[in-house]
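Encoded as structure tokens, the structure appears first; notes follow it.
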Amino acid sequence: MTQNEKMAELLLPDINKTPDFYENLYPARNLPEGARVVRVAPSPTGYLHLGTLFAALVNRITATSTGGVFFTRIEDTDKKREIEGGIENIIDGLNRFGIAIDEGFISGTDEKGDYGPYQQSHRAEIYQTFVKKLIKEGLAYPCFCTAEELEAVRNEQEAAKIRTGYHGKWAKHRDITFEEAEKLINEGKPYVIRLKSMGSEENKVIFEDAIKGKIEMPENDEDFVLLKSDGIPTYHFAHAIDDHLMHTTHVIRGDEWISSVPKHIQLFKTLGFKVPKFAHVSPIMKLDNGAKRKISKRKDPEAAVHFFAEQGYEAESVIEYLMTIASSDFEDWRRANPDASYKDFKFNLKKMSVSGALFDEVKLTDVSKNRISRMKSGEVYEKITAWAKEFDSDFYSILTADPRFTKAMLAIDRDDAAKPRKDLAKWNEAKDYFAFFFNNLFVPDYTLPENIDRADAKAFLELYKGVYDPADDRQGWFDKIKGLCSGLGFAEQTKDYKQNPDAYKGHAGDLSTVLRIAVTGRRNTPDLCSIMQVLGKTECFKRIDQMIANI
Ligand code: GLU
């Protein structure tokens with residue numbers, strides 16, 4: 001046995017497999033030419049973050065566009081930061097937003113696919129097998145430095161204005177012998193395994209980032225940690241092993257990882273793996289007092305994707321909006337294909353923003369209003385009740401007490417409208433928007449338009465009760481109001497009033513406003529004729545009487 005082989009046995013005596021075993025266990029995928037294998041690899045440390053959803057979407061659409069595979073992998077090597085239910089939070093979030101998962105974790109507890117386990121804490125033996133091989137080849141070694149020693153080195157480096165880190169002559173255990181290591185292990189000293197870097201700061205690594213273009217950085221010369229003292233890998237090492245064995249073709253991830261690419265390329269090459277393509281997604285930004293900054297988990301409620309669900313944004317609207325951020329030509333495509341699924345969009349990583357795109361709630365609102373305006377009442381009913389069931393049980397009871405009534409309400413200015421109204425962006429606006437349809441939410445504001453006096457309003461409402469017929473269509477309905485104009489001193493036509501304002505108290509539109517205020521308690525509503533039909537004559541007259549009594 002060579003010294004290196006002895007070292008490998010000393011450090012990892014229980015590892016009996018070889019990398020070949022895993023290479024055979026996870027053969028190349030049988031996919032058509034050009035199919036991309038991509039993944040999202042969240043750590044279960046909290047809720048689903050908008051940035052993770054965005055990266056997942058970009059990965060998903062990349063797989064879809066190329067007939068490839070999108071899988072999830074749980075990166076839970078940092079047990080200290082893990083939270084209970086963390087996997088569920090993230091996977092349920094992806095499911096809620098319609099990000100279909102081909103492989104990996106598909107729920108908080110279930111995984112599927114031939115390249116698993118898809119949870120790093122269950123892959124310790126795999127990582128250790130590859131580390132053992134590196135040790136045997138003299139490409140990795142144990143380091144017994146304590147945190148205090150490393151700190152002292154750092155201070156010394158800083159004082160001498162030298163780049164900090166475990167490199168070159170500062171890499172104390174780089175040439176540790178088998179005997180030295182054995183002695184320290186017998187003394188019970190904890191250790192990590194480090195890569196013996198063959199890189200030099202003088203050399204450049206050049207790679208083509210699929211989003212950011214050509215990037216040039218100094219080679220890595222740091223003997224960074226591969227396995228921590230508990231035998232668990234660092235992110236860098238697990239990333240190289242997993243993405244190799246899972247046959248990831250494109251690593252599409254947040255751009256906070258760009259600076260680590262020299263380490264990653266070095267690892268792939270040292271391990272004899274093909275280097276995947278990298279694509280680094282810029283973060284979603286926000287304007288804060290005029291300055292652009294990254295959306296922050298701490299400061300911004302919308303950083304948690306759950307925020308959108310709670311507010312009642314349709315998952316599809318959020319996705320549609322994220323697509324507009326993801327690709328500069330998505331909006332043109334959408335205009336040309338208003339009814340297509342975003343999944344049919346031919347996505348190209350090169351069209352992604354190199355600097356961070358700004359999160360624009362106004363735009364999201366716009367996208368949402370458009371989407372909701374295209375839904376028929378049946379669909380709105382399903383969505384709005386599903387939302388209310390989860391987030392507003394009081395409203396849920398109100399909406400479902402009489403589904404026929406609620407659906408009729410939702411059909412107004414929608415089902416038969418040539419141009420449906422674009423007024424709802426999210427379901428939490430609906431309770432207020434539709435309040436006047438429900439007696440226990442109806443809180444009228446009887447303030448009259450300035451040009452209408454109370455006596456005229458009352459007189460009009462009294463007369464109106466004598467002419468209203470629920471069977472009238474819109475035109476017939478308005479003609480009834482016009483018919484009352486001259487008797488009350490109002491112009492039937494707005495233009496007559498405008499030409500000769502002194503001759504009239506107002507026009508038919510003003511009287512319809514009075515009626516609107518009586519029936520809905522508001523000045524602006526969807527079509528009043530339809531509202532009255534849905535509410536029914538009895539309820540409308542009750543409200544008219546209530547207004548007469550209260551002004
Ligand atoms: N676990 C890493 C993260 O949470 C994943 C990065 C990657 O996609 O490689 O950022």
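Indexing begins at 1, ligand by ligand and atom by atom, following the structure's order. Since we're looking at a predicted model, the values are computed, not measured.
- Heavy atoms of His239 found under 4.0 angstrom from ligand 1: none, in either backbone or side chain.
- The single protein non-hydrogen atom nearest to atom 5 (C) of ligand 1 is Ala41 O, 3.1 Å, given as residue, atom name and distance.
- Proximity to Arg253 (heavy-atom distance under 4.0 Å) selects the following atoms of ligand 1: 7 (C), 8 (O), 9 (O).
- The protein heavy atom nearest to atom 9 (O) of ligand 1 is Tyr235 OH, 2.4 Å.
- When each of Arg73, Glu111, Glu103, Lys112 is paired with Tyr118, the side chain to side chain donor-acceptor pair (under 3.5 Å) condition holds for Glu103 and for no other.
- Ser43 OG, 3.7 Å is the protein heavy atom nearest to atom 4 (O) of ligand 1.
- Salt-bridge formation is not detected for the pair Lys196/Glu137: no Lys NZ or Arg NE/NH1/NH2 atom is positioned less than 4.0 Å from an Asp or Glu carboxylate oxygen.
- A salt bridge does not link Lys277 to Asp209: none of the charged side-chain nitrogens sits closer than 4.0 Å to a carboxylate oxygen.
- In this pair, Tyr191 and Phe144 present their aromatic rings tilted. The plane angle is within the 30 to 60° band.
- Protein heavy atom nearest atom 1 (N) of ligand 1, with residue, atom name and distance: Glu75 OE1, 2.6 Å.
- Between Phe273 and His244, the ring planes lie parallel to each other; the angle is under 30°, not in the 30° to 60° tilted range.
- If you check which protein heavy atom lies closest to atom 10 (O) of ligand 1, you get Trp257 NE1, 3.2 Å.
- Between Glu149 and Lys172 a salt bridge is recorded (basic side-chain N to carboxylate O distance below 4.0 Å).
- What sits closest to atom 8 (O) of ligand 1 on the protein, heavy atoms only, is Arg39 NH1, 2.8 Å.
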